[in-house]
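Each remark here refers to the structure printed beneath this line.
We count residues from 1, following the sequence as given.
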Amino acid sequence: MTKDRPAPPLPERLDTLVDAHTHLDACGAVDAHSVAAILDRAESVGVGRVVTVADDLDAARFAVDAAGWDRRVWAAVAIHPTRANVLDDDVKAEIERLATNPRVVAVGETGLDYYWPGKLDGCATVEEQHDGFRWHIDLAKRLGKPLMIHNREADEDLLSVLKEEGAPETVIFHCFSSGPEIARACIDAGYVLSLSGTVSFKNAHALRAAAVLIPDAQLLVETDAPFLTPHPFRGAPNEPYCLPYTARALAEIRGQDPVELAAHVTANAERVYALRARV
C-alpha cells in the first residue's frame with residue numbers, strides 16, 4: 001500500500017455484503033465519528049456490516065469500542081502471531097476479558113507467521129508463536145467463539161497444531177492465500193475460507209485454482225483493509241467499501257452471478273459469526 005496512489009472510486013453497489021475481516025483503526029478510524037464515516041461509505045455500496053479485527057492489545061480495545069459505537073461493526077480480538085511474545089498473564093487476562101464482550105464474534109487474528117521471524121525486529125519466535133496459537137485455540141473453545149486464523153508460509157504446521165489441539169467448532173482462515181492442496185485439506189476439515197483482494201491479482205494462479213474448489217457454504221469475503229486492495233487498484237489504500245470489487249472478481253473466477261455469491265457469503269457471515277443472534 002502506498003499513499004501516493006489515490007483511493008479507489010466507489011464500486012457499483014452489490015447487495016448485500018459483510019466485510020468478514022477489516023482493520024478500522026488502521027484505516028484511520030479513531031472515534032465514533034470516523035468509524036461511522038467509513039461505514040457510511042461501505043453501506044452506500046452494499047457493505048452493511050464489518051468485523052474489525054485486532055492484532056495487538058490496543059487494537060483489541062479499539063475494536064471492542066468501535067463495535068459499541070456503531071451497530072454495523074463487530075469485533076474480533078487476539079494477539080497477532082508476530083507479537084505472541086507479549087502474551088504474559090496480564091495480556092492474556094485482558095484479551096480474555098475483551099473476548100467475552102457480546103459484540104466480539106471471534107478470537108483472532110491468531111495463527112502462525114513464518115515469513116517475518118528474522119526479518120522484523122522484535123518479532124516473536126516460531127516457538128513463541130506456537131505457544132500463543134495454542135492459547136488462543138483454547139480460549140476460542142472455552143468461549144464457544146470462532147477462531148480466526150492468520151497463516152503465512154506455515155501451512156502444514158498450522159494444520160498440525162489445529163489437529164493436535166482439537167480445533168474449535170468454527171475455524172476461519174482469514175485471507176486464505178494457499179493453493180488447491182491446502183484448500184482441500186481445510187474444506188475437508190470443515191473450515192471456512194475467507195478470500196480477500198489477493199484473489200483478484202492476475203498472478204495469483206494457485207489461489208484462483210483453490211477459489212473454485214470452496215463450497216458455497218464455506219466461503220467468506222473480506223478486505224483486510226487497509227491492505228490488499230483488489231485489482232486494478234493494487235497498492236492503493238483499501239477500505240470496506242472496496243469489497244464489491246473483490247466479490248465481483250471472485251464471482252467471475254467461480255463462474256457465479258455476483259448477486260448469488262453475495263447472498264451466499266452474507267448468509268455464511270451471519271451464521272459463522274452468529275450475527276443475527278447477537279443483534
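If you take CD on E94 and CG on D90, they are separated by 9.0 Å, rounding to the nearest 0.5 Å. With rounding to the nearest 0.5 angstrom, the OG1 atom of T110 is 9.0 Å from the CD1 atom of I79. Separation of atoms CG (D257) and CD (E252) is listed at 12.5 Å; rounding is to 0.5 Å. Separating the CZ atom in R152 from the CG atom in L112 is a distance of 13.5 Å, to the nearest 0.5 Å. The OG1 atom of T246 sits 9.0 Å away from atom CG of L228, with the distance rounded to the nearest 0.5 Å. In this structure, the separation between NE2 on H174 and CG on L195 is 11.5 Å, given to the nearest 0.5 Å.
Taking hydrophobic clusters as Ile, Leu, Val, Met, Phe, Trp and Tyr residues chained together by side-chain heavy-atom distances below 4.5 Å, F227 does not share a cluster with F201. Under the 4.5 Å side-chain heavy-atom criterion for ILVMFWY residues, a single connected hydrophobic cluster contains both L10 and V221. In the hydrophobic cluster analysis, where Ile, Leu, Val, Met, Phe, Trp and Tyr join through side-chain heavy atoms closer than 4.5 angstrom, W116 is grouped apart from V53.
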Can R72 and D40 be said to form a salt bridge (Lys or Arg N to Asp or Glu O under 4.0 Å), step by step?
-> CA-CA 10 Å; R72 298 169 293 182; D40 287 346; 2.9 Å; yes

What's the verdict on side-chain hydrogen bond (donor to acceptor under 3.5 Å, both in side chains) for H23 and D224, showing C-alpha distance, side-chain angles and the deciding distance?
-> CA-CA 6 Å; H23 300 272; D224 198 23; 3.1 Å; yes

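With L14 as the fixed residue, the side-chain contact (heavy atoms from CB on, under 4.5 Å) test singles out one of V259, V45, L243, V47: V259.
Annotation: side chain of T125 is not in contact with side chain of N85 (no heavy-atom distance under 4.5 Å). Side-chain contact between E181 and D155 is absent, with no heavy-atom pair separated by less than 4.5 Å. A heavy-atom distance below 4.5 Å is found between the side chains of Q129 and P117. Side-chain contact between F133 and I149 is present, with at least one heavy-atom pair separated by less than 4.5 Å. Residues L98 and V104 fail the side-chain proximity criterion, which asks for heavy atoms closer than 4.5 Å. Side-chain contact between V212 and P180 is absent, with no heavy-atom pair separated by less than 4.5 Å. Residues L220 and H21 fail the side-chain proximity criterion, which asks for heavy atoms closer than 4.5 Å. Residues L139 and R142 form a side-chain contact, since some pair of their non-hydrogen atoms from C-beta on lies under 4.5 Å apart.
No more than 12 heavy atoms of other residues, nucleotides or ligands shown are found within 6.0 angstrom of CD on E127. Around the CD atom of E153, the shell of radius 6.0 Å holds more than 12 heavy atoms that belong to other residues, nucleotides or ligands. Within 6.0 Å of CG on D89 lie no more than 12 heavy atoms contributed by other residues, nucleotides or ligands.
Counting only N and O atoms by type, the side chains of S34 and D31 include a donor and acceptor under 3.5 Å apart.
Side-chain atoms of T229 come within 3.5 Å of backbone N or O of A236 as a donor-acceptor pair. No donor-acceptor pair under 3.5 Å is formed between the side chain of T82 and the backbone N or O of H80. Side chain of Y245 to backbone of P232: no donor-acceptor contact under 3.5 angstrom is found.
Summarising the geometry of V64 relative to A75, their closest heavy-atom pair is N-CB, 4.1 Å, with the distance given to 0.1 Å. Taking every heavy atom of both residues into account, A210 and F176 meet most closely at CB-CE2, 4.1 Å. Listed here is the closest heavy atom pair of R271 and A217: NH2-O, 2.8 Å. Taking each heavy atom of D25 and A59 in turn, the nearest pair found is OD2-CB, 3.4 Å. E43 and R13 get closest at one heavy-atom pair: O-NH1, 3.1 Å. Contact record, T22 with T223: OG1-OG1, 3.3 Å, taken as the closest heavy-atom pair.
Residues that satisfy the side chain to side chain donor-acceptor pair (under 3.5 Å) test with E239, not counting sequence neighbours, are R41.
Stacking of R5 on the aromatic ring of F233 is not recorded, the 6.0 Å distance cut-off and the 45° axial limit not both being met.
Salt-bridge formation is not detected for the pair D138/K141: no Lys NZ or Arg NE/NH1/NH2 atom is positioned less than 4.0 Å from an Asp or Glu carboxylate oxygen.
Counting only residues at least two apart or in different chains, salt bridge (Lys or Arg N to Asp or Glu O under 4.0 Å) contacts with residues 158-169 comprise R134-E164, R134-E165. Pairs engaging residues 187-197 under the side-chain hydrogen bond (donor to acceptor under 3.5 Å, both in side chains) rule: S194-E222, S196-T198 [sequence neighbours left out].
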